[in-house]
Every structure is written in structure tokens, then in C-alpha cells.
There are 2 protein chains.
Amino acid sequence: MNYSRQREQVLRTLKENVVHPTAEYLYEILRNKNPKISLATLYRNLNQLAEAGVIKKIDGLESSAHFDHNTHEHYHFICDECKKVFDISANVAPDIISKTETETGFKIKGHDIVFHGLCHECREKKGEQ
Amino acid sequence: MNYSRQREQVLRTLKENVVHPTAEYLYEILRNKNPKISLATLYRNLNQLAEAGVIKKIDGLESSAHFDHNTHEHYHFICDECKKVFDISANVAPDIISKTETETGFKIKGHDIVFHGLCHECREKKGEQ
DNA sequence: CCTTAATTGATAATTATTCTCATTTTTTCA
DNA sequence: TGAAAAAATGAGAATAATTATCAATTAAGG
């Protein structure tokens, strides 16, 4: 990944914002500095920077929503390889709500934990430890 | 919410599937039972059922991705009211990865926790406890 | 400098989802 | 029962977010 003025601008704009902007919001800000910048360039750079670990993309599951008839509290794991979604028991993070409410003063109405990685099967297939 | 054959079918199809299907996948299955069923009906019913708490929709943030220049481990809270995104310190769920890896045998490469509810400001505005 | 590789801007395409609206189905209750 | 009101449907248009395409521009390195 080599230097470009646009990538520089994307990164700086992101850093100058305290909140966690969407691409749309960033685009508006960016156009003030550089009215010619293309939306595609913004998305490209955000993805590249996230890929490189310079920034982070916050999005639970990638594209489409998944539905679950199991409504008792539990979490999910999505396999990077086969894209299957698995249940994770809720007791991996027990008092997470009360802890967070106390710490923040926010009223928590719900939460979701999504893990990703390699499921058992794909792990074996790839021979990865 | 009153009875309809299509809603019945949507719910049954979801329950008969062990995995956590996407709408697209459900649609394919549903069309075998009812070739006339509309995609809009499927989405409508999934949302209604989720709204009513009969099923659960798994999707971290609703629509668009948010980006964060802060790459050290932390979580996020999105306010249902003003849609702002806040940081939550990672220590609300400390050994969540090791615990999950031990419990599942999966290789965890990352995870995201997204809370939602009312932020401090909106909580006061709405006078909600 | 010159060549090669990376990046850009403009825009088309795609994907997932929601909206619209005329028609059909369900519910209610006289 | 069965007529009126309310809810739900199907078909397809619309939207929103994101990705792909591709010719033109810019960066990097010998």
C-alpha cells in the first residue's frame, strides 16, 4: 500500500472525528477538503485501512441479517471460511449488562456479541492450529 | 398481529432450520412449499416476528458500517434514539475469547460487542428510568 | 526519466431491504 | 351468517449501502 493524498485525507478525517462516523458522514466532511474525491475512493481506502489494521470497521455480521428462532440469550460465531453461524452460550460473558450500565449510565436494552474465526471443521481442513 | 398462512410458513421454515439462515436462504426453502410467496411477505413477517420477540434478528449495527480509528480492543454502544455510537471499555467482558475458545474449540480471530439502548442524554430527555 | 504498479474518479452494477398499492384474506360483531 | 373494517399479501418499483469496472492519473524505484 503506497502513499496517496486521498488516503491521507481519509485517515486524517477519521482521526479528527471523535464519534464513529459512517462512510456517508465521512464523505460529506471529506468533500469540504477535496470536492473531487470519489465515493469509491473513500470506500476503497476505508477497507484497505481496516484490512491493514490501521482503523477498525464496526459491523457485526458482514452483509445480510441472519434470523434465529432461539430467543433466549445467547451469542453467535460466524466462520470466516464457510460462513456458517453457530450459537455460543451466553455464559461466556455473564454480568455484561449490569457492568456496562453501571460503568456508563446508559440504559441498555439489548446487545449482541458476534465472534468470527474458524469453526472446528474448517480449522481441521486448513490444518491451522 | 393476526393469523396468516404465510406467517405460519415463515415461522415453521425458520424453526425447521438448525442454522441461522439469511432471508435469501429462507426464501429459497419457502418457495418449495409456496411458490407464490413474495419476498416482501418474507421480510415483513421476519421483522414482525422479531418485533414481537418470537424470533431474533442477528445484526450488530442496523444499516451502514461505522469506522473507528481506535484499534485497541473496545466495544460499542449505539443509542436507539440519537443513533450516536459510543465506546465501551473492553473490561466489561474480560476473558471472553479464551472462555469461548475453550468452550467451542473454534479458533477465534475477532469479536464485536454492540450494545443498544438509551444514552445518558436521551435517557434524560425522555424522562425514562 | 521511464516503466510498472497502484490509485483515482466517474459511473454502472449489485445486494439487501423497504415501500407502494391494488387485491385478497382475516377478524369482528351486529 | 355476512358486511364492514383491519390486516396481510403479491408484484414490482424504489432506496440505500457498497462494490465492480475501466480509462486516466499518480507514485515508486531502478
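Below, chains carry the letters A, B, ... as their sequence lines are ordered, and counting in each starts from 1.
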Can you measure [X] atom [atom1] to [N] atom [atom2] for me and round it to whole angstrom units?
X     : N      : atom1 : atom2 : result
B:L26 : C:dA16 : CG    : C1'   : 14 Å
A:R31 : C:dT8  : CZ    : C1'   : 15 Å
B:E51 : D:dA7  : CD    : P     : 15 Å
B:I37 : D:dG10 : CD1   : P     : 6 Å
A:Y25 : D:dA16 : OH    : P     : 20 Å
A:L30 : C:dT8  : CG    : C1'   : 14 Å
B:Y27 : D:dG12 : OH    : C1'   : 11 Å
A:E28 : D:dA17 : CD    : P     : 11 Å

For this session: Tell me which of B:N45 and A:A40 sits closer to the 5' end of DNA chain D, going by the nucleotide each one is nearest to.
Result: B:N45

For residues [X] and [Y], determine if any side-chain heavy atom of one lies less than 4.5 Å from a side-chain heavy atom of the other.
X      : Y      : answer
A:T100 : B:I113 : no
B:K56  : A:N70  : no
A:E16  : A:I29  : no
B:H76  : B:F115 : no

For this session: Take B:F86 and B:H74 through the test ring pair (Phe, Tyr, Trp, His ring centres under 6.0 Å) and record every step on the way to the result.
Result: CA-CA 10 Å; B:F86 300 86; B:H74 67 282; over 10 Å; no

Side chain of [X]: nearest nucleotide among [options]?
X     : options               : answer
B:Y43 : C:dT8, D:dT9, C:dT17  : C:dT17
A:N2  : D:dA17, C:dT7, C:dG9  : C:dT7
B:K57 : C:dT18, D:dA17, D:dT9 : C:dT18
A:Y3  : D:dA27, C:dA16, D:dA8 : D:dA27
A:M1  : D:dT9, C:dC19, C:dT7  : C:dT7
A:S4  : D:dT9, D:dA17, C:dT8  : C:dT8
A:A23 : C:dA6, D:dA7, D:dT18  : D:dT18

Phosphate contact ([N] OP1 or OP2) by [X] side-chain N/O below 4.0 Å:
X     : N      : answer
A:N47 : D:dT19 : yes
A:T41 : C:dG9  : yes
A:Q6  : D:dT26 : no

Exercise. Are A:F77 and B:H20 near enough that their ring centres are under 6.0 Å apart?
Worked result: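 Between B:H20 and A:F77, which both carry aromatic rings, the centre distance is not below 6.0 Å.
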
For this session: Determine the contact category for A:R44: base if any of its heavy atoms lies under 4.0 Å from a base atom, sugar-phosphate if only primed atoms, P, OP1 or OP2 are that close, otherwise nothing.
Result: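 If one applies the 4.0 Å heavy-atom cut-off, A:R44 turns out to touch a base.
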
Exercise. Hey, does A:L39 reach any base, or is it just sugar-phosphate, or nothing, if we go heavy atoms under 4.0 Å?
Worked result: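 The answer is base, as A:L39 lies within the cut-off (heavy atoms under 4.0 Å) of a base atom.
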
